[in-house]
Amino acid sequence: LPPGSCRAFWGWLNAVFNKVDHERIRAVGPDRAASEWLLRCGALVRYQGSPRWQQDYNGLPTGPLGKYKIEAINATDSCIMYRGFDYLDGLEHVTDIRLEKCMYIQDECLQRLSETSNLQKSLQQLKIISCGNVTDKGILALHKLTNLEYLYLSDLPGIKEKETTFRVLQQALPNLELELDLE
């Protein structure tokens, strides 16, 4: 294989994993379809009322439509990318999202997250760690997540205007507890 072709292949495959299947969302419901997307991309999901993280695509619980509601998403080391974010639109119970070492997460993703009306209502905790493509612009975009109670930011080299960014965010979200572990 010529150098770089392997990376290009994985980039293509990840794009395929992130393609939104609106038929599937209609057929199995938003939580099931989003679960399949997240697990395909290497993320984990936790359902309401369960302490257990789902990580096995083939072990996803089946049951009546809408029985399992995603409450938490751990996208550590996953390949989720912007084009898959339509899957988040129908989720009404997500309180907690962790984005760690996500190479495809950039400002547009955070903007999209923040503009998702269900997440504006439900999301309480967000952790963004070691996502090299996130800048101040992406962090500032989070101001629309009006119910966010806790935001943890760590190892984000793209953030250059720390003080200004956090002051603006804190003014927009006065109830937000902001925890920073940044150089």
Side-chain angles (χ1 to χ4, degrees), residues 8-129 131 133-134 137-139 141-152:
F9 171 74
W10 286 111
W12 170 82
L13 190 63
N14 291 337
V16 169
F17 284 161
N18 280 278
K19 187 176 186 311
V20 177
D21 182 347
H22 293 281
E23 289 292 304
R24 184 77 183 147
I25 294 173
R26 275 194 294 277
V28 299
D31 289 271
R32 173 70 195 208
S35 299
E36 292 172 355
W37 164 58
L38 289 159
L39 268 62
R40 252 196 326 264
C41 291
L44 310 177
V45 297
R46 193 167 44 74
Y47 296 120
Q48 246 180 352
S50 168
R52 228 181 90 232
W53 288 94
Q54 298 288 329
Q55 50 190 4
D56 174 16
Y57 185 90
N58 297 315
L60 278 175
T62 54
L65 197 62
K67 181 178 177 197
Y68 296 95
K69 303 289 187 194
I70 298 176
E71 185 173 65
I73 296 169
N74 180 346
T76 302
D77 283 320
S78 74
C79 69
I80 63 169
M81 57 177 68
Y82 183 84
R83 68 183 297 184
F85 273 49
D86 284 6
Y87 279 114
L88 300 173
D89 289 341
L91 305 181
E92 295 175 14
H93 303 88
V94 177
T95 57
D96 191 349
I97 296 179
R98 180 184 188 102
L99 302 172
E100 181 172 359
K101 297 189 207 134
C102 300
M103 63 184 280
Y104 298 112
I105 292 294
Q106 76 266 65
D107 295 341
E108 291 73 18
C109 298
L110 299 182
Q111 219 160 346
R112 177 75 171 78
L113 206 65
S114 171
E115 284 163 5
T116 304
S117 58
N118 279 327
L119 291 178
Q120 290 172 349
K121 294 185 200 96
S122 69
L123 193 62
Q124 295 165 5
Q125 285 202 29
L126 178 59
K127 298 185 178 109
I128 306 171
I129 304 160
C131 295
N133 296 318
V134 168
K137 186 178 161 222
I139 300 305
L142 299 173
H143 75 274
K144 293 186 178 155
L145 294 171
T146 44
N147 283 315
L148 200 60
E149 293 166 8
Y150 177 77
L151 176 62
Y152 177 74

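The structure presented is a predicted model; accordingly, all values stated were derived computationally and were not measured.
- Remark: Tyr68 engages no residue in a side chain to side chain donor-acceptor pair (under 3.5 Å) (not counting sequence neighbours).
- Here the side chains of Val94 and Asn118 are not in contact, with every heavy-atom distance at 4.5 Å or above.
- With hydrogens and angles disregarded, a donor-acceptor distance shorter than 3.5 Å links the side chain of Asn133 to the backbone of Met103.
- One finds the CZ atom of Arg98 at 11.5 Å from the CD1 atom of Ile128 (value rounded to the nearest 0.5 Å).
- At distances below 3.5 Å, at least one donor-acceptor pair connects side-chain atoms of Asn18 with backbone N or O atoms of Cys79.
- The distance from atom CZ of Arg40 to atom NZ of Lys19, rounded to the nearest 0.5 Å, is 10.5 Å.
- With sequence neighbours excluded, the residues forming a side chain to side chain donor-acceptor pair (under 3.5 Å) with Glu71 are Arg46, listed by chain and number.
- Counting only heavy atoms from C-beta outward, the side chains of Lys144 and Leu119 never approach each other to under 4.5 Å.
- Atom CG of Asp96 sits about 8.5 Å away from atom CG of Asn74, to the nearest 0.5 Å.
- Lys67 places none of its side-chain heavy atoms less than 4.5 Å from the side chain of Gln48.
- Between Leu38 and Ser78 the shortest side-chain heavy-atom distance does not fall below 4.5 Å.
- Between the side chain of Asn147 and the main chain of Gln120, a donor-acceptor pair closer than 3.5 Å is present.
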Indicate every side-chain donor-acceptor pair of residues 53-63 with a distance under 3.5 Å to a residue at least two apart or in another chain.
{"unit_1": "Asp56", "atom_1": "OD1", "unit_2": "Asn58", "atom_2": "N", "d": "3.1"}
{"unit_1": "Asp56", "atom_1": "OD2", "unit_2": "Gly59", "atom_2": "N", "d": "3.4"}

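- With a 4.5 Å cut-off on side-chain heavy atoms, Leu145 and Leu151 do not count as touching.
- Interatomic distance, OG of Ser114 versus CG of Asp107, reported as 12.0 Å (0.5 Å rounding).
- Taking every heavy atom of both residues into account, Arg112 and Asp86 meet most closely at NH2-OD1, 2.7 Å.
- Considering every non-hydrogen atom in both Leu91 and Pro30, the closest pair reads CD2-O, 3.6 Å.
- Counting all heavy atoms, side chain and backbone alike, Ser35 lies closest to Ile70 at OG-CD1, 3.4 Å.
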